[in-house]
Amino acid sequence: MNLFAEIRELVITCLDALVAEGRLPAGLNTGAVTVEPPRDAAHGDMATNAAMVLAKPSAMKPRDIAEALAEKLTADPRVDMAEVAGPGFLNLRLAPAVWQGIITAALTSDGFGRSDMGQGQKVNVEFVSANPTGPLHVGHTRGAVFGDALASLLDFAGWDVTREYYINDGGAQVDVLARSVYLRYLEAHGQEVAFPDGTYPGDYLIDTGKALKAKVGDAYIDQPEAVWLDDVRSFGTEAMMELIRIDLASLGVEMDLFYSEKSLYGTGLIEAAIKDLDSKGLIYKGKLEPPKGKVPEDWEPREQTLFKSTDFGDDVDRPIMKSDGSWTYFAPDIAYHYDKVQRGYDQLIDVFGADHGGYVKRMKAAVSALSGGKVPLDVKLAQLVKLYKDGEPFKMSKRAGKFITVRDVVDAVGKDVTRFHMLTRKNDAPLDFDFDKVTEQSKDNPVFYVQYAHARIASVLRKAVEAGIVVDDTTLAGADLSGLTHEAELKVAQKVAEFPRLIEIAARTNEPHRIAFYLYEMASEFHALWNRGNDDTSLRFLQDGDSSATQSKIALIRAVAVVISSGLGILGVTPADEMR
RNA sequence: GGUCCCGUAGCUCAACUGGAUAGAGCACCUCACUUCUAAUGAGGAUGUUGAAGGUUCGAGUCCUUCCGGGAUCACCA
């Protein structure tokens with residue numbers, strides 16, 4: 001239940017009543033009417049812009065509308081006060097019983113904050129999709145964490161979510177992998193090997209080379225590439241995907257589906273997808289102009305098979321077939337998205353690294369063309385992560401096979417810290433990741449701040465149990481909450497009430513980072529209330545000898561714990577019950 | 001040169017997709033633990049939101065043009 005939506009309903013009802021009484025003209029569009037928390041809490045609990053957005057269409061003064069509306073609203077028992085302010089805002093103060101009701105709702109509803117706004121629509125979230133040529137490195141971490149949290153968020157908001165990983169196992173890079181594994185295989189047989197340019201020199205392939213030796217013995221020694229390439233390629237790819245699965249698991253990411261690019265070949269799916277586009281008149285043979293301004297040195301016009309992506313907002317048409325007749329990378333990608341559309345998703349989301357930004361328009365164009373504009377594709381770019389250690393930038397070199405892996409990061413700072421920190425930035429803004437700062441256990445570090453709030457609540461609950469108070473949620477929800485009227489307590493309840501609304505905003509904008517910021521604010525409100533208890537003993541959660549008052553206060557902080565736990569759950573962070 | 005992203009307090013970032021006097025944390029100063037965990041809280045200062053125009057009741061947010069930073073740019077995936 002979203003309280004803001006509920007009050008908005010009330011506002012609309014009151015407007016309708018005014019229309020019925022002839023105090024407002026009929027036929028007004030109330031779509032732009034919003035009910036929001038005011039930026040400044042002093043203005044009240046909620047504010048509506050109704051008077052301002054309706055002033056022009058009704059040819060009335062905002063203040064007149066606002067005053068009439070205020071009169072109607074205050075007749076409702078939920079509204080204690082409605083006051084016209086500023087240019088025509090209507091500030092509302094709600095009855096304490098409303099906030100007390102929120103606490104009950106948080107304790108009794110199955111998944112407080114869950115929304116049905118997704119209406120069970122099927123959404124596919126594709127993320128990570130790193131090449132199967134080695135373990136995941138830090139660059140992939142952000143996309144992995146972001147995609148996973150976004151998927152959880154959409155699930156929480158009522159979508160039917162599939163988490164999917166596209167394995168790029170069909171291109172030249174897996175041949176490079178195969179050759180690199182082969183070198184490690186020779187090495188396992190005692191040969192001296194060198195890693196020329198265009199091979200992967202990383203240590204992680206040593207074991208793969210040994211494993212290959214264990215499997216095929218010396219069968220591939222001194223054999224031409226044609227003999228072993230296919231087998232070593234699939235052997236190597238399998239091994240790398242196994243590594244990647246482990247890396248993902250260490251981040252708490254579990255895919256529903258791994259989809260192989262290779263599986264697209266030879267099944268006719270690529271041909272079918274291209275044929276679909278061709279039937280829409282979007283495939284033609286032609287030559288592209290050189291890129292404007294900066295012509296590559298070896299540029300020469302070539303006749304290629306092109307997709308008319310400019311019809312869908314792209315800058316140039318894109319090649320799907322090389323001049324030698326083989327597919328470009330784009331072709332299987334079109335087929336893959338074609339398959340996703342065929343599988344009946346209502347909505348597709350791709351999470352790309354920032355270096356794939358140039359790919360967004362053509363992919364959107366393809367999906368738009370393939371689905372007849374019916375299936376929206378949203379592409380989220382995960383910007384780069386800059387690593388720091390001791391305040392110094394940390395460089396990686398893929399060339400030397402030296403790079404920081406996901407596991408290095410998780411081993412150093414832990415899954416929870418990694419995930420939370422990665423989610424404290426908008427996905428399209430660059431992010432600094434300082435190994436020293438993120439492990440610091442202080443207020444500087446939002447993870448610990450939020451965790452600490454949850455742990456404090458758990459601690460109070462333990463003390464309450466020792467004092468013989470019954471603290472299960474059902475009992476607490478049934479407790480008499482009418483004593484919770486102090487503004488400090490109501491403030492906390494109000495923050496709890498924002499959670500369902502926040503979930504819907506975060507889901508609508510595909511921005512899980514909003515949850516991280518909300519949780520920080522929620523924790524802050526809680527810590528503030530806790531410390532008020534130092535000065536004012538009536539605000540302490542455990543009230544000696546007054547089990548009824550204690551129960552109502554415990555109910556309040558249990559509601560906070562429910563929200564923190566639930567929000568952290570979406571981010572994939574474990575709520576802590578104690579921190580020692 | 002084209003395209004995309006970013007530019008907000010000394011630093012790191014928010015700002016509920018167009019709402020009120022642009023907010024937090026860090027750093028700096030003052031204060032609060034015989035108490036449910038001080039890993040916390042209360043208070044104090046900080047702004048031409050990169051610049052200039054435009055749209056309207058109202059702009060950090062939308063449009064245009066610049067400036068600065070990053071990413072990317074045809075037979076690479």
Side-chain angles (χ1 to χ4, degrees), chain A residues 4 32 34 36-40 43 47 49 52-53 55-56 62 85-89 91 131 133 168 170-174 176 261 287-296 299-302 304 306 314-316 318-319 321-326 328-330 332-333 353-361 381 383-384 424-426 428-430 432 434 437 440-446 448-449 451-453 455-457 459-464 467 498 501-502 504-506 508-509 511 513-514 517-518 520-521 524 527-535 537 540-542 557 578-580:
Chain A
F4 293 85
T34 60
E36 305 179 332
R39 198 170 267 181
D40 185 344
H43 289 137
N49 63 354
M52 281 182 294
V53 297
K56 203 171 213 179
F89 281 101
N91 293 325
N131 287 342
T133 54
N168 291 121
Q173 77 283 3
V174 281
V176 173
E261 176 194 353
K287 292 176 184 174
L288 287 176
E289 295 293 314
K292 288 197 172 63
K294 187 181 148 194
V295 181
W299 198 89
E300 58 183 55
R302 291 187 192 84
Q304 297 166 309
L306 300 166
D314 202 358
D315 309 306
V316 289
R318 304 292 177 176
M321 194 181 272
K322 304 173 193 171
S323 47
D324 68 2
S326 63
T328 65
Y329 172 77
F330 190 34
D333 232 1
D355 53 343
H356 284 63
Y359 209 67
V360 174
K361 280 186 181 176
L381 294 181
Q383 273 291 344
L384 303 181
T424 52
R425 280 306 102 88
K426 268 189 293 218
D428 49 7
D432 290 345
D434 188 317
K437 274 194 184 158
E440 199 177 331
Q441 302 204 0
S442 76
K443 198 177 162 187
D444 298 21
N445 193 334
F448 286 93
Y449 188 78
Q451 295 269 39
Y452 183 40
R456 270 183 154 175
I457 294 168
S459 167
V460 174
L461 287 168
R462 286 193 293 270
K463 297 274 182 186
E498 278 180 36
R501 177 171 180 269
L502 177 98
E504 295 190 346
I505 292 167
R508 189 174 63 238
T509 54
E511 291 181 341
H513 78 275
R514 289 175 189 274
F517 282 97
Y518 167 81
Y520 187 86
E521 290 165 13
S524 178
H527 287 310
L529 179 59
W530 175 293
N531 273 66
R532 291 283 290 264
N534 287 340
D535 301 327
T537 53
R540 295 190 189 176
F541 306 129
L542 300 177
I557 61 171
E578 62 180 350
M579 304 177 73
R580 298 222 178 243

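Here the structure is a predicted model, which means the values were calculated and not measured.
The phosphate of B:C73 (OP1 or OP2) has no side-chain N or O of A:R318 nearer than 4.0 angstrom. In this model, the phosphate group of B:C75 is not approached by any side-chain N or O of A:T328 to a distance below 4.0 Å at OP1 or OP2. Taking only side-chain nitrogens and oxygens, A:Y449 never comes nearer than 4.0 Å to OP1 or OP2 of B:C26.
Under the rule for a side-chain hydrogen bond (donor to acceptor under 3.5 Å, both in side chains), the partners of A:K361 that lie at least two apart in sequence or sit in another chain are A:D315. Residues satisfying the side-chain hydrogen bond (donor to acceptor under 3.5 Å, both in side chains) criterion with A:T34, sequence neighbours excluded, are A:N49. Applying the side chain to side chain contact (heavy atoms under 4.5 Å, CB included) test to A:D428 and every residue at least two apart in sequence or in another chain returns A:K426. For A:L502, the side chain to side chain contact (heavy atoms under 4.5 Å, CB included) partners two or more places apart in sequence, or in a different chain, are A:R514, A:I515, A:Y518. Partners of A:F4 according to the side chain to side chain contact (heavy atoms under 4.5 Å, CB included) rule, which considers only residues two or more places apart in sequence or in another chain, are A:N2, A:V35, A:P37, A:M46, A:E498, A:R501. With sequence neighbours left out, the side-chain hydrogen bond (donor to acceptor under 3.5 Å, both in side chains) criterion links A:D535 to no other residue. Under the rule for a side-chain hydrogen bond (donor to acceptor under 3.5 Å, both in side chains), the partners of A:N168 that lie at least two apart in sequence or sit in another chain are A:Y329.
Within the nucleic acid shown, A:H513 comes within 4.0 Å of sugar-phosphate atoms alone, with no base atom in reach, counting heavy atoms only. No contact: A:D324 has no heavy atom under 4.0 Å from any strand. Among the heavy atoms of the strands, none lies under 4.0 Å from A:Y518. In this structure, A:A47 reaches the bases: a heavy-atom distance under 4.0 Å links it to at least one base atom across the strands shown. Heavy atoms of A:Q451 sit nowhere under 4.0 angstrom from any nucleic acid atom. Counting non-hydrogen atoms under 4.0 angstrom, A:P301 reaches nothing in the nucleic acid. Within 4.0 Å of A:K287, counting heavy atoms only, lies no atom of the nucleic acid at all. Among the atoms of the strands shown, base atoms are found under 4.0 Å from some heavy atom of A:A85. Residue A:V53 is classed as a base contact, given a heavy-atom separation below 4.0 Å to a base. Within 4.0 Å of A:F517, counting heavy atoms only, lie sugar-phosphate atoms of the nucleic acid but no base atom. Within the nucleic acid shown, A:A528 comes within 4.0 Å of sugar-phosphate atoms alone, with no base atom in reach, counting heavy atoms only. Looking at heavy-atom distances under 4.0 Å, A:E289 makes no contact with the nucleic acid at all. Note on A:E511: a base of the nucleic acid sits closer than 4.0 angstrom, heavy atoms only. Among the atoms of the strands shown, none is found under 4.0 Å from any heavy atom of A:D333.
Not a single donor-acceptor pair, N or O on each side, falls under 3.5 Å between the base of B:C36 and the side chain of A:R462. With hydrogens and angles ignored, no donor-acceptor pair under 3.5 angstrom links the side chain of A:N531 to the base of B:A38.
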Could you list all N or O pairs between the protein and nucleotides 59-65 of chain B that sit under 3.5 Å apart?
none

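The nearest whole Å value for the distance from the CZ atom in A:R532 to the C1' atom in B:A42 is 9 Å. A:L529 has its CG atom 22 Å from the P atom of B:A32, to the nearest Å. Atom-to-atom, CD of A:E261 to P of B:C76 comes out at 14 Å; the value is rounded to the nearest Å.
Taking a centre distance below 5.5 Å and an interplanar angle below 30 degrees as the stacking criterion, A:F89 stacks against the six-membered base ring of B:A20. Stacking of the aromatic ring of A:H43 onto the base of B:A20 is found: the ring centres lie under 5.5 Å apart and the planes are inclined by under 30°.
A:M321 contributes atom CE, which lies 13.5 Å from atom CZ of A:F330 (distance to the nearest 0.5 angstrom).
Comparing B:U3, B:C57, B:A39 against the side chain of A:M52 picks out B:C57 as the nearest. For A:R425, the side-chain atoms get nearest to B:A14 when compared with the rest of B:C6, B:A77, B:A14.
Across all their heavy atoms, A:P446 and A:Y520 have their closest contact at CB-CD1, 3.8 Å.
Annotation: B:G10 and B:U17 have their C1' atoms spaced 30 Å apart (nearest Å).
Secondary-structure annotation of RNA chain B gives the stems B:1-7 with B:67-73, B:10-13 with B:23-26, B:28-32 with B:40-44, B:50-54 with B:62-66, with a stem taken as at least 3 successive Watson-Crick or G-U pairs whose two distances both fall under 3.5 Å.
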